[in-house]
Structures are given as structure tokens and as C-alpha cells.
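Only heavy atoms go into these numbers, but all of them, side chains included; no hydrogens, no water, no symmetry mates. Proteins get letters first, then strands, A, B, ... in listed order; numbering begins at 1 in each.
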Protein chains: 2
Amino acid sequence: MGQSAREEPKWRRRAESRPDEILDAALVTFEKDGFDAARVEDVAKKAKLSKAGVYLYFDSKDAILRGLIEREVAPVARNLRAVAEAGMDDPAGALQRVAAAFTALVNDKRKLAVPRIVLSVAARYPDIAQYYRENVLEQGLSAIVALIEAGVAKGVFRPCDPGIAARMLFGPIFVHGLYTHFLHGDPGPLSPAERVKAHTDILLKGLLASR
Amino acid sequence: MGQSAREEPKWRRRAESRPDEILDAALVTFEKDGFDAARVEDVAKKAKLSKAGVYLYFDSKDAILRGLIEREVAPVARNLRAVAEAGMDDPAGALQRVAAAFTALVNDKRKLAVPRIVLSVAARYPDIAQYYRENVLEQGLSAIVALIEAGVAKGVFRPCDPGIAARMLFGPIFVHGLYTHFLHGDPGPLSPAERVKAHTDILLKGLLASR
DNA sequence: TTTAACTAACTGACCAATGAGTCATATACT
DNA sequence: AGTATATGACTCATTGGTCAGTTAGTTAAA
């Protein structure tokens, strides 16, 4: 039994990469069990260190969740915003591109797990809810609102409430993701790209100013 | 101190009304704390009996959640279905009425808490997820799908994927509810009725066959 | 180039709190 | 008297978080 090679150390120092490894592990664990039922010990095991090791890098379990929001979702919101802002001169086209980008995000079950968890713990961690609202939702929402308003100003879109229009863009895609990923609902016959097209077809026809 | 009146019994038998009282209490408690953080003891206290008393009527904590789904949400889905079926000869009008009914449901924070909780525990209680999907979501969804298909068959709506259209009806309303109730997002300037109107204006214009 | 002293990274074993579920017993009703 | 209904006090598994002690890597004196 006793392996002669006494070379392998019991553990290695990897202070640089630990935070990311812990977040990777936490994402998988939280997605599977939800925030409350997920055990820090399991996160640690998946990240290949001890539970106490996790607490070297994060002050608490909810700090891990905060880290997850920052790393996983906030960049996506910034990206959506960039796509929207880059297309202010072609609102209809930009709308489609935003829909496609958001669909790609929502198709990623793991990324979608973060908003689901935020939603479920929002009441108990008001600061997490606030952070998420300000840095994710309001970012994405306001970008689209600006896009719609630009379209209306240009006369491309007919006058409408931009907040409603924005929810009509994000809402259906988001609930489709929740329904299929977490309730195991039937995704339907369409491919993601076809869904984007079917969706934006209806939405744009509803928005566009008939000549 | 010693009240002479020895009339008041320490508790009363109320086997008939207990289950509903427990569900009332559970709805409030689950809404506030979420399923995991909610304590059965608190539910019991709010229902004015002991924790052990709760277990006389429900086998487990998750049985309470199941009871909540049955009592709170399944009837709503049936109602939505009825509204849709009653309006098969006027698809556009029925769509608006369904949107209004769903908006009313979603405006009720307490009722909306049930789907939020189902979503958060779906992975750990697959039977709850399945029950919810089959008895709530698929009910509502299929009713609207039928309505859209009827509209397309009549030539009132232009051809489209009815699943997408149905998600465009429910999605924006649902996410608006989540956003305002649980993330404390800005509900915007419109009243619920105005939101329904703005929403269905765009949706119907997107769906209606231009003469 | 050794090697000893030093520090940062890490672990195992632990604690304290928590909360679901149980049960022996008591009380209200019939 | 008998039974359905209710309770308080309990068990017991779970788990977030801590800490004393250990090891990997680093620095610099010898």
C-alpha cells in the first residue's frame, strides 16, 4: 500500500486562482441545490480545498453569492447595454441583436441560476437584492428603454411606453428559460434562433410605425 | 394576577378550519422568509396552535407547500382557462381579458410568492415541480395557445408560433411582478390597467392580421 | 548552495445554534 | 368514560462559522 514516492504534497498554495475556483464550484452547487440547501462544505469539496479554506477568501456564504453576481451576471448586463448603445441608429436591428444576446444568456442554465437564487433570497438579503437591481436589471432595462425612445424619436417606432416594451423584450425570454430549465417544461419545437425570430417578428410588428 | 374567571379553555378543537388556517399562516411566512428559512414553528404560531399541531394536519413542511399550490394557484389557472375558453369567438378581446386577469393575480404579492417558492425548491422536490407544471403552467399556457390558434384559424391573427405568443402575453406581466414585489423595482408610472392596455396594444398590433 | 527562520495558505476537529419531526401526556368535547 | 385534538418538551441531524495547529513555499543569512 504505502506508496514509496513521497513527492506529492498534501495541498498546494494557489491563492491567485482560489476565488475563481470557489465561485465555479459555488455556481454548480447553488444551481443544483439552491442557496439554502447548498452546503459550504460541498462547495469546498468541489473546489478541492477545505471548508475553512473557503472562509479564507469569502467572509460568509452570502458573500460567495455576491461574488457570483459580480462575476457572472453584471458583465452580461454591461454587454447588453453595449449592444443596445451600439445600435442607436438602427433601433429595430439592435432590438433583435439584444434579444439574441439575452436568449444566449438565458439558454445557459448555470448563468440563469443566479437570478433565480437572487430572487429566492432577496427578502433576507436586501443588499443583494439592491445590488442586483441596480447593477443588472436597471442596467439592462434602461439600455433598452433608451433604445426604444430613440426609435420613437426617429419615427421608426410608434409612440409607446418604453418600459412596457422593454419588458416585452426580456419577459418572454426569461420565463421561457425558467420554465424549461427549472420546471423541465417542454421547450417547444423552435430552435433558440427561431424563437428569437418569432418573438421579434411579433414585437417589431407591434412597435413599428406603419409607414 | 390570578384571574378568577376560570372560563377560558386553553385551546379549542377546530379540526375543520385548521388546515386552511395553517395554509393562511404558511403563505404569509413563506412569502416573507422563503421556504427554507421559514420555520414551521412560526407558521404554527401564526395559525395559533403548536408546531406539533401542524403535524396533525400536514405530514411535512413540503406537504404544506403542496397544499398551498393546490389552494392558491391551481384555481387561478383554471380561471384563466375559463376566461380563454369563453372567448374563443373573440380572440382579441379574450386576450385582453386574460391579460387583465393575470395582471390581477400577479399584483397580489402573496399569490405571486407561491410560484417564486416553487421555482426555488423545484430541484429538490421534483414532484412539486411536476405538479405545478402540469396543473398550473400547462393549463394556462395551453388555454392561451388554443386561443391564439383559434384566432389564426379565423384569420383574425396572422400565422405565428402560438407558444411564443403565449409567452409574450404571460412573460412581461410575470417578470414585472417579480421585479416590483421581490426586488422592489420601480413599478413605473402606469397603473395596472394602463399597463394591460399598453401591453396588449403592442401585442395585438403584432399579432393582428392587417386587413 | 544549503538551511534555518519566516509567512501565507491550508486543514481537521470543533462549537453553537438551529429547526424538522416525535411522543408522552393533557385537555376539550361527545 | 371515551376519543379526537392539542401541547410542551424532547431528540437528533445538520451546518455555518471558528481556531489551534500544520505544511508549502520564500527569503536571506551562513
Exercise. Taking B/E21 as the fixed residue, which of B/K48, B/R14, B/K46 is the one that meets the side chain to side chain donor-acceptor pair (under 3.5 Å) rule?
Worked result: B/R14
Provide, to the nearest angstrom, the distance between the [atom1] atom belonging to [X] and the [atom2] atom belonging to [N].
X	N	atom1	atom2	answer
A/L56	D/dA24	CG	P	16 Å
A/W11	C/dA8	CH2	P	13 Å
B/Y55	C/dG21	OH	P	4 Å
B/E8	C/dA28	CD	C1'	13 Å
A/I22	C/dA9	CD1	P	12 Å
B/E16	C/dT30	CD	P	11 Å
B/K61	C/dA20	NZ	P	4 Å
A/F58	D/dG16	CZ	P	15 Å

Exercise. Reckon A/A52 touches a base, only the sugar-phosphate, or nothing at all at heavy-atom distances under 4.0 Å?
Worked result: base
Under-4.0 Å side-chain N/O to phosphate OP1/OP2 contact, [X] with [N]:
X	N	result
B/Y57	D/dA6	yes
B/R12	C/dT27	no
A/R13	C/dT7	no

Problem set entry | Donor on one side chain, acceptor on other, B/T29 and B/R39, under 3.5 Å | no
Once rounded to the nearest 0.5 Å, what's the spacing between atom [atom1] of [X] and atom [atom2] of [Y]?
X	Y	atom1	atom2	answer
B/R81	B/L147	CZ	CG	11.0 Å
A/D42	A/K51	CG	NZ	10.5 Å
B/L27	B/L68	CG	CG	5.0 Å

For this session: Taking the side chain as every heavy atom from C-beta outward, state whether B/L141 and B/F170 have any pair of such atoms under 4.5 Å apart.
Result: yes
For this session: List in numerical order all residues of residues 35-51 of chain B for which some heavy atom is under 4.0 Å away from an atom belonging to DNA chain D.
Result: B/L49, B/S50
Exercise. In this structure, are over 12 heavy atoms from other groups packed under 6.0 Å from B/D59 atom CG?
Worked result: no
Seminar exercise, completed: Looking only at C/dT27, C/dG21, D/dA6, the nucleotide nearest the B/S60 side chain is C/dG21
